[in-house]
Amino acid sequence: MTKVTMTVNGRQVSGEVEDRTLLVHFIRDKLGLTGTHVGCDTSQCGACVVHMDGRSIKSCSTLAVQAAGSEILTIEGLAKDGELHPVQAAFKANHGLQCGFCTPGMVMTAVDMINRYGGRLDEKTVRENLEGNICRCTGYHNIVKAILAAAAEMGAGRQAAE
Amino acid sequence: MYATNYHRASSVADAVRLKGASEDGKYVSGGMTLIPTMKQRLAAPSDLVDLRHVAEMKGITVSGDTIRIGAGTTHAEVATSAELKAACPALCHLASQIGDPHVRHMGTLGGSIANNDPAADYPSAMLALAATIVTDRREIAADDFFTGLFETALEDGEIIVAVSFARPERAGYSKFPNPASRYAMTGVFVAKAAGGVRVAVTGAGSNGVFRHGGMESALAGNFSPDALAGVTTDPSDMLSDIHGSAEYRANLVNVMARRAVAAAGAV
Amino acid sequence: MGAEGIGARVARKEDKRFLTGKGRYTDDMVVPGMKYAVFVRSPHAHAKIRSIDASEAEKMPGVIAVLNGQQLLADGIGNLICGWMIHSKDGSPMKMGAWRPLAHETVRYVGDAVAVVIADSVGEARDAADQVVVDYEELPAVTDAVTALQPGQPQLHPEAAGNLIYDWALGTSEADTDAAIAAAAHVTEMKIVNNRLSPNPMEPRAALGIYDSAEDHYTCYTTSQNPHVARLVMSAFYNVAPENKLRVIAPDVGGGFGSKIYIYPEEIVCLWASRRTGVPVKWTSDRTEAFLTDAHGRDHVSTVKMAFDSDNRITALKVDTIANFGAYMSLFSAAVPTYLYATLLSGQYAIPAIHANVRAVYTNTAPVDAYRGAGRPEATYLLERTIETAARELGVSPAELRRKNFIRSFPYQTPVIMNYDAGDYEASLEAAMKQADWAGFATRKAEAEKRGKKRGIGMSCYIEACGIAPSAAVGSLGAGVGLWESAEVRVNAVGTIEVLTGSHSHGQGHETTFAQLVADRFGVPIDNVSIVHGDTDKVQMGMGTYGSRSGAVGMSAIVKALDKVEAKAKKIAAHLMEADESDVVIENGELKVAGTDRSVPWFQVALSAYTAHNLPAGMEPGLKEGAFYDPSNFTFPAGCYICEVEIDPETGKTEIVQFVAADDFGNIINPMIVEGQVHGGIAQGIGQALLEGVHYDPQSGQLLTASYMDYAMPRADDLPSFQVSHQNTPCPNNPLGIKGCGEAGAIGSPPALMNAITDAIGNNDLTMPATPQKVWAAVHATH
């Protein structure tokens with residue numbers, strides 16, 4: 001067993017894990033943050049996406065020990081003071097989710113995408129950047145719509161702030 | 001996943017030492033292939049030596065006509081490097097097509113070529129760019145490096161530190177992804193440099209990445225898609241599976257090669 | 001319509017928990033002392049079990065127990081069953097072989113469970129499972145149904161000679177149908193293959209079994225679309241526990257698409273193992289296990305003859321279908337290629353003679369059962385590919401040939417049981433063609449040709465039967481259960497409302513749509529309405545969600561209960577206002593005496609019902625009513641889908657450049673949610689037509705598509721945005737006039753896409769999925 005320490009959603013956390021423990025299992029089983037999901041074994045579905053040091057990664061293909069010392073953001077850390085993050089709000093307004101299982105990974109992916117592209121997102125770019133996230137319910141139609149809406153909203157917010 | 005012991009290396013020398021002390025250890029960088037393989041219990045290293053924090057293995061430098069990319073540089077860093085985009089945009093394009101955004105944030109160039117998956121993208125670029133694979137103990141020409149499916153010239157414990165290659169006059173990459181896995185069903189990298197034209201094919205060959213001599217000759221005198229019109233690819237050298245027959249892959253090699261040439265802009 | 005009432009695009013109440021990571025799925029459940037189960041599964045498609053040696057595994061770290069099928073049998077746990085009896089045309093009952101939750105004599109497909117390891121962690125359980133030594137005597141295997149029917153093939157079950165489960169027929173007599181075909185001016189003949197699919201809800205199946213020895217009581221958290229049915233079946237047939245000692249909870253469930261209707265070995269074994277070991281036992285499938293063991297869908301091979309008179313009217317249809325059932329008969333399997341399939345073979349067309357023959361066949365593959373659409377996609381695909389080919393052969397436009405044969409007056413009795421109640425097929429066809437700019441296609445095709453692309457357009461006019469189903473009718477056809485639905489509406493003393501429904505939401509948005517019904521009726525905000533579902537201890541017996549039934553059947557039950565609540569509330573209000581109850585109306589959250597300014601607020605009526613200080617003479621206190629609704633007929637959603645594609649002839653890759661859906665679902669409660677259902681259904685249909693296919697190696701019976709590395713799931717960049725519109729002929733047979741929308745997309749889209757691709761490349765024989773390789777080969781064969 002190895003003791004790992006990392007910052008998760010702004011809080012420093014530690015835990016004893018087997019070295020083979022995946023980051024997703026550390027997050028779910030040790031920290032009780034069950035919003036991050038496991039939907040496949042081959043690193044394709046993206047239900048497990050979290051941010052590590054500001055970038056989206058697949059927590060099912062990363063060991064907890066690899067993440068030691070890093071900053072992790074999970075779906076639970078996105079909303080601030082009970083207010084949905086603009087991406088979360090856009091998913092709700094645009095019906096970008098049905099069963100909700102892929103949703104945390106989709107939202108974390110969308111936030112990362114908007115961080116990287118800012119206002120330069122168009123439908124094609126959004127669809128390409130969803131390559132690592134599988135949804136079986138929505139046909140992606142409303143997910144794409146939600147991400148574009150959130151990107152526009154966040155871009156407008158940034159402009160207003162400048 | 002079977003039990004394993006994790007070690008975080010702080011330098012190349014530290015990594016070599018850690019690996020040397022292990023019974024049946026493996027280096028891990030992004031882990032984007034190794035960890036899923038271990039999850040499937042298809043790999044069972046006694047120890048994992050993590051290279052992700054080795055600073056000397058990171059970064060892209062373009063000095064004059066020489067391009068050097070640290071083995072620990074992620075696909076995302078390669079894809080978005082402004083310096084590299086100016087020197088060899090085809091490699092940025094290739095990196096932007098690997099896996100998905102999350103995989104590109106973790107996966108590294110060194111990890112990809114060390115694994116030499118027959119459907120990985122980078123090996124084709126290394127071959128076509130006549131890259132030199134720089135390890136902790138020697139330099140290996142790409143032509144000598146890729147030795148077969150998942151096989152390389154690396155010795156036990158040897159670490160890829162960087163790759164370097166001369167800026168090509170023109171280069172292009174075109175990939176046809178497997179509809180399921182999105183790995184290359186066929187990817188062709190073409191490069192025109194002072195030493196001539198090199199064409200390397202990944203995803204299609206039954207022995208892994210390979211250079212296409214027929215295409216190289218055809219393009220040597222006339223670097224245009226039309227020059228490839230008469231060139232054939234032998235299906236008997238191609239992989240065949242539920243996604244694509246050997247004949248289909250042989251066709252894709254020709255189509256992707258034409259498109260790679262068409263995409264190859266002058267630098 | 002109010003802002004939150006019927007017809008409003010209300011954002012979903014349930015979204016916040018899913019968006020903030022607070023959804024609670026079965027694998028999220030943790031209870032004290034919980035241990036983990038890993039199953040030992042057969043690596044062979046067909047083998048005898050000589051012995052199972054768990055002695056090494058039992059000594060492994062963290063292992064609590066290794067249990068096997070002999071122990072399960074000794075404890076009296078029953079066989080898994082198929083709950084729908086089909087009789088062959090010779091009158092004999094279907095031939096059902098035994099399906100044990102843990103095989104102890106014979107394994108019949110790769111993934112068949114033979115033992116289970118219970119350990120402190122999943123890792124330790126898997127380590128130990130690797131050490132369980134099963135001595136197999138391998139037997140030859142057969143994976144495709146056509147082969148399995150041939151003489152000399154491996155035999156799966158002694159009960160089913162020649163692997164034949166049933167040989168069933170429906171409709172016009174074969175002789176009359178043959179005669180009509182013989183007299184026809186033109187006959188289009190096709191071989192139609194409907195490819196095998198894996199449902200792939202993103203949440204893998206899971207089960208948590210908790211045995212309480214003090215109370216002799218069992219709790220099962222499970223990924224179910226119908227927890228009450230799970231309890232009934234596990235109790236009545238599998239002898240897990242009596243119903244009053246078994247609580248089944250299906251918490252948030254991450255998609256189902258049919259695959260979570262059935263009761264699988266794993267939940268039974270987790271409950272049984274919890275009693276054997278005295279600890280709670282949780283199992284969560286990984287994706288490879290899901291590919292191996294979740295019930296697959298489709299897998300039909302059919303031949304069809306469609307006969308036309310000289311005026312291009314269809315005079316007869318003859319269909320012969322072989323349906324692959326896999327190694328065992330899953331819960332509803334028998335009904336899928338019979339009453340959910342052959343009954344829809346009239347499509348939208350007036351066809352005087354229809355004869356369908358269906359043979360159900362065992363093979364050494366995973367069990368096959370209902371998957372989104374269940375039988376109806378297979379019927380629609382067969383019909384719509386055939387009529388499209390007929391139009392090409394006859395040299396008439398596909399729209400004209402369909403128009404000529406549309407059913408235009410209702411009710412319409414088909415030769416295959418169904419009585420269509422309402423519809424306007426022309427309206428959907430016209431709406432779709434207009435939206436798709438069908439008339440401008442030739443120009444677009446010419447433009448694409450200049451770019452080296454082959455452009456094609458295709459349509460599909462589907463009909464399906466939803467609102468499953470009138471209990472007496474399905475009972476007469478072999479169903480083991482009734483298919484009504486239940487609801488209870490509880491008005492609290494402060495006027496807030498709970499609705500307990502037997503329907504189960506696993507993505508369909510019931511918490512919002514059902515609340516809209518209540519908001520519409522009583523003028524209360526939907527935030528004051530809570531929908532309770534998915535727990536047999538909380539909710540009265542219900543039948544669950546599948547077959548697009550939650551609207552037409554589930555909501556009809558709620559409406560019936562609301563009627564009763566409304567009637568009582570009006571009585572109370574009339575009494576309070578000293579008015580006649582017939583003069584009381586409900587407006588804006590108040591009960592008013594019509595035409596006066598006298599009113600009492602809703603909460604006051606509720607409070608009065610519970611204080612009971614001043615109720616009409618003889619009235620019971622309280623305001624809570626229940627209802628069971630049994631539909632009087634199926635409902636018949638229908639529509640027209642048009643797909644336009646561009647094909648790269650060099651690679652065979654298909655790009656969908658336009659997808660139009662025009663659906664008639666009757667009345668709609670929440671258009672936003674309905675459109676979402678259509679989008680998802682279309683994506684699954686496109687997946688079937690373009691990408692997805694389960695492949696077994698025909699010799700070894702190994703599953704070749706056991707992960708997302710080899711099974712191509714539709715991803716965002718495979719799909720376009722969809723253009724969706726609605727037409728409306730209200731359903732006359734239920735109080736809301738709704739028909740159901742959950743499966744239409746998956747039913748209507750595959751033939752539209754395949755008709756577009758075959759139009760582009762001029763090859764009618766292409767089979768699904770139209771992978772780049774197949775399309776490329778077809779393009780080059782055509783030239």
Side-chain angles (χ1 to χ4, degrees), chain A residues 18 20-21 25 28-29 32-45 47 74-79 84-85 87-89 91-105 107 123-124 126-145, chain C residues 9 11-12 14-25 27-28 30 121-123 199-204 252-257 284 286-288 505-509 672-673 675-684 686 707-709 713-722 724 745:
Chain A
E18 285 187 281
R20 65 173 164 172
T21 303
H25 291 136
R28 287 177 56 81
D29 302 344
L33 297 172
T34 54
T36 303
H37 297 146
V38 179
C40 77
D41 329 320
T42 49
S43 200
Q44 262 131 349
C45 83
T74 73
I75 188 71
E76 287 90 348
L78 208 55
L84 293 180
H85 182 281
V87 170
Q88 291 170 317
F91 268 68
K92 177 167 179 170
N94 290 284
H95 190 31
L97 65 153
Q98 291 183 24
C99 82
F101 195 80
C102 78
T103 306
V107 169
E123 177 172 345
K124 185 166 184 286
V126 171
R127 288 183 180 276
E128 285 169 0
N129 275 274
L130 288 175
E131 179 167 354
N133 295 78
I134 300 177
C135 169
R136 192 55 150 171
C137 294
T138 65
Y140 305 97
H141 182 107
N142 285 338
I143 291 176
V144 173
K145 217 167 122 189
Chain C
R9 304 175 76 89
R12 298 201 318 173
E14 49 269 75
D15 282 355
K16 188 171 181 186
R17 70 173 185 274
F18 296 127
L19 283 163
T20 54
K22 301 288 167 48
R24 293 283 277 159
Y25 300 88
D27 187 50
D28 299 339
V30 175
S121 71
V122 176
N200 274 296
M202 292 319 296
E203 180 206 21
D252 284 330
V253 172
F257 315 113
T284 302
D286 60 32
R287 185 56 61 185
T288 293
S505 181
H506 30 281
Q508 295 88 344
M672 181 192 78
I673 287 177
E675 287 161 15
Q677 290 292 309
V678 175
H679 298 155
I682 292 172
Q684 285 179 356
I686 290 173
S707 80
Y708 293 145
M709 293 292 282
M713 288 285 278
R715 303 199 202 192
D717 58 1
D718 291 315
L719 303 171
S721 285
F722 310 116
V724 175

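We name chains A, B, ... by the order of the sequence lines, and we start the count at 1 in each one. Below, all heavy atoms of this structure are taken into account, side chains as well, without hydrogens, waters or symmetry copies.
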- Query: Which heavy-atom pair separates C/Leu19 from A/Phe91 by the least distance, and what is that distance?
  - Reply: CD2-CB, 3.5 Å

- Note on the structure: On a heavy-atom basis, the closest approach of A/Leu84 and C/Thr20 is CD2-CG2, 3.6 Å

- Note on the structure: Counting heavy-atom pairs under 4.5 Å with chain C, the top scorer among A/Ile134, A/Val107, A/Asn142 is A/Ile134

- Checked C/Ile673, C/Ile682, C/Ile686, C/Asp252 vs chain A; the most non-hydrogen pairs under 4.5 Å come from C/Ile673

- Item | Heavy-atom pairs under 4.5 Å with chain A, option from C/Gly745, C/Gly676, C/Gly255, C/Gly509 with the top count | C/Gly676

- Among A/Asn133, A/Leu130, A/Thr138, the residue with the most heavy-atom pairs under 4.5 Å to chain C is A/Thr138

- Task: Find the distance between NZ (C/Lys22) and CD (A/Glu76) and round it off to the nearest 0.5 Å.
- Result: 6.5 Å

- Query: Where does A/Val38 contact chain C at under 4.5 Å (heavy atoms): side chain, backbone, both or neither?
  - Reply: backbone

- Output, in order, the C-alpha distance, side-chain angles, deciding distance and verdict of side-chain contact (heavy atoms from CB on, under 4.5 Å) for A/Cys137 and C/Phe257. CA-CA 9 Å; A/Cys137 294; C/Phe257 315 113; 3.8 Å; yes

- Is a donor on one side and an acceptor on the other found under 3.5 Å between the side chain of A/Arg136 and the backbone of C/Pro199? yes

- Message: Quick one: does any side-chain atom of A/Tyr140 pair with a main-chain N or O of C/Leu719 as donor and acceptor, under 3.5 Å?
- Response: no

- Note on the structure: In terms of heavy-atom pairs under 4.5 Å with chain A, the winner among C/Arg24, C/Glu14, C/Met709, C/Glu675 is C/Met709

- Query: Can A/Glu123 and C/Ser721 be said to form a side-chain contact (heavy atoms from CB on, under 4.5 Å), step by step?
  - Reply: CA-CA 9 Å; A/Glu123 177 172 345; C/Ser721 285; 3.0 Å; yes

- Which distance, rounded to the nearest 0.5 Å, do you find between the CE of C/Met202 and the NE2 of A/His37? 11.5 Å

- For each of A/Pro104, A/Cys40, A/Cys102, tally heavy-atom pairs with chain C at distances under 4.5 Å, and name the one with the top tally. A/Cys40

- Interatomic distance, A/Cys135 atom SG to C/Met713 atom CE [nearest 0.5 angstrom]: 8.5 Å

- Where on A/Leu97 is there a heavy atom nearer than 4.5 Å to chain C: the side chain, the backbone, both, or neither? both

- Item | Parallel, tilted or perpendicular, as decided by the 30° and 60° cut-offs, for the rings of C/His679 and A/His141 | parallel

- Query: So which of A/Cys99, A/Cys45, A/Gly35 has the biggest tally of heavy-atom pairs under 4.5 Å with chain C?
  - Reply: A/Cys99

- Item | Structural part of A/Thr103 lying under 4.5 Å from a heavy atom of chain C | side chain

- Task: Tell me, out of C/Ala683, C/Ser707, C/Gly123, who's got the most heavy-atom pairs with chain A below 4.5 Å.
- Result: C/Gly123

- Note on the structure: Heaviest contributor of heavy-atom pairs below 4.5 Å to chain C, chosen from A/Gln88, A/Gln44, A/Arg28, is A/Gln44

- Scanning both residues in full, the closest heavy-atom pair of C/Tyr25 with A/Phe101 reads OH-N, 3.2 Å

- So, does C/Arg12 use its side chain to make a donor-acceptor pair with the main chain of A/Lys92 at under 3.5 Å? no

- Item | C/Ser121 OG to A/His25 NE2 distance, which is reported to the nearest 0.5 Å | 10.5 Å

- Among the options C/Thr284, C/Val122, C/Val678, C/Asn200, pick out the one with the most heavy-atom pairs lying under 4.5 Å from chain A. C/Asn200

- Task: Identify which of A/Glu128, A/Lys124, A/Glu131 forms the greatest number of heavy-atom pairs closer than 4.5 Å to chain C.
- Result: A/Glu131

